[in-house]
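Side-chain atoms are counted along with the backbone in the values below, which use heavy atoms only and exclude waters and symmetry mates. Counting starts at 1 for both ligands and their atoms, in listed order.
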Amino acid sequence: MKDFAVFVSGSGTNLQAIIDKVKSGYIKANLNLVISDNPNAYALKRAENAGIETAVFDFKDFDSKRNFENAILNKLEERNIDFIVLAGFMRVLSPDFVKQYSNKILNIHPALLPSFKGVHGIKDAYEYGVKITGPTVHFVTEDVDSGPIIIQKAIEVRENDTLESLEEKIHKVEHQIFPEAIKLFTEGRLSVEGQKIIIS
Ligand code: GRF
């Protein structure tokens with residue numbers, strides 16, 4: 001079985017969904033490490049409660065992005081991590097980092113890429129007035145929010161939706177499709193052909 005790490009910065013509801021699906025055997029891989037750049041992330045508590053090793057790399061403790069990332073890479077190597085899941089990790093990984101885990105970093109974005117990239121995907125889509133939105137799971141490449149798409153799921157935006165009700169709907173779907181994408185990846189069912197992913 002493959003060993004993986006989840007990177008977090010915040011509340012970690014996606015991490016929780018992944019922990020639950022590893023525990024139930026739906027995802028057949030070992031979640032061995034949770035890495036946070038935020039020492040106060042609630043996600044760290046979730047990991048501790050599940051008995052998963054945690055490591056905090058606070059950006060302000062490092063004098064450069066390179067040193068920050070090297071410290072993380074050393075930890076990943078030490079724990080023989082095969083692939084990485086970004087679950088609400090709020091930092092952009094450098095091209096050098098991404099190259100070391102090419103097509104082995106999965107990310108979830110709360111909008112239908114390539115629309116509404118960036119940190120406010122749900123709000124930007126809501127304020128734009130789209131009728132359909134939804135989360136995207138994709139591989140991470142050097143360009144932010146642009147890698148090959150693994151799964152997307154559309155959600156209708158109703159006239160009576162508020163930003164909060166839409167956020168709630170999107171998170172619910174995230175918690176389904178992120179574990180599903182990780183499962184497909186761990187089963188070796190994803191082949192990347194340029195920008196496209198073929199699921200076998
Ligand atoms: C999710 O909405 C995800 O799409 C985005 O960050 C949020 C993380 O939420 N990348 P949580 O920490 O998993 O609750």
Inset, instruction - Select all protein residues for which some heavy-atom-to-ligand 1 distance is less than 4.0 Å, and list them by chain and number. - result: Ser11, Gly12, Thr13, Asn14, Gly88, Ile108, His109, Pro110, His171, Glu174
Legend entry - Residue pairs, two or more places apart or on separate chains, that pass side-chain hydrogen bond (donor to acceptor under 3.5 Å, both in side chains) and touch residues 98-109: Asn107-His138
Legend entry - More than 12 heavy atoms from other groups under 6.0 Å of CD on Glu78: yes
Legend entry - Step-by-step salt bridge (charged side-chain N to carboxylate O under 4.0 Å, His left out) determination, Asp161 to Lys169: CA-CA 10 Å; Asp161 265 321; Lys169 283 197 238 175; 2.7 Å; yes
Inset, instruction - Flag this pair as yes if the NZ/CZ of Lys65 is under 6.0 angstrom from the six-membered ring centre of Phe59 and inside a 45 degree cone about the axis; otherwise no. - result: no
Inset, instruction - Tell me, with the steps shown, if Lys183 and Glu187 meet salt bridge (charged side-chain N to carboxylate O under 4.0 Å, His left out). - result: CA-CA 6 Å; Lys183 179 185 168 71; Glu187 291 173 352; 3.1 Å; yes
Inset, instruction - Answer yes or no on whether Arg91 is positioned over the face of Phe7, meaning its NZ or CZ is under 6.0 Å from the six-membered ring centre and within 45° of the axis. - result: no
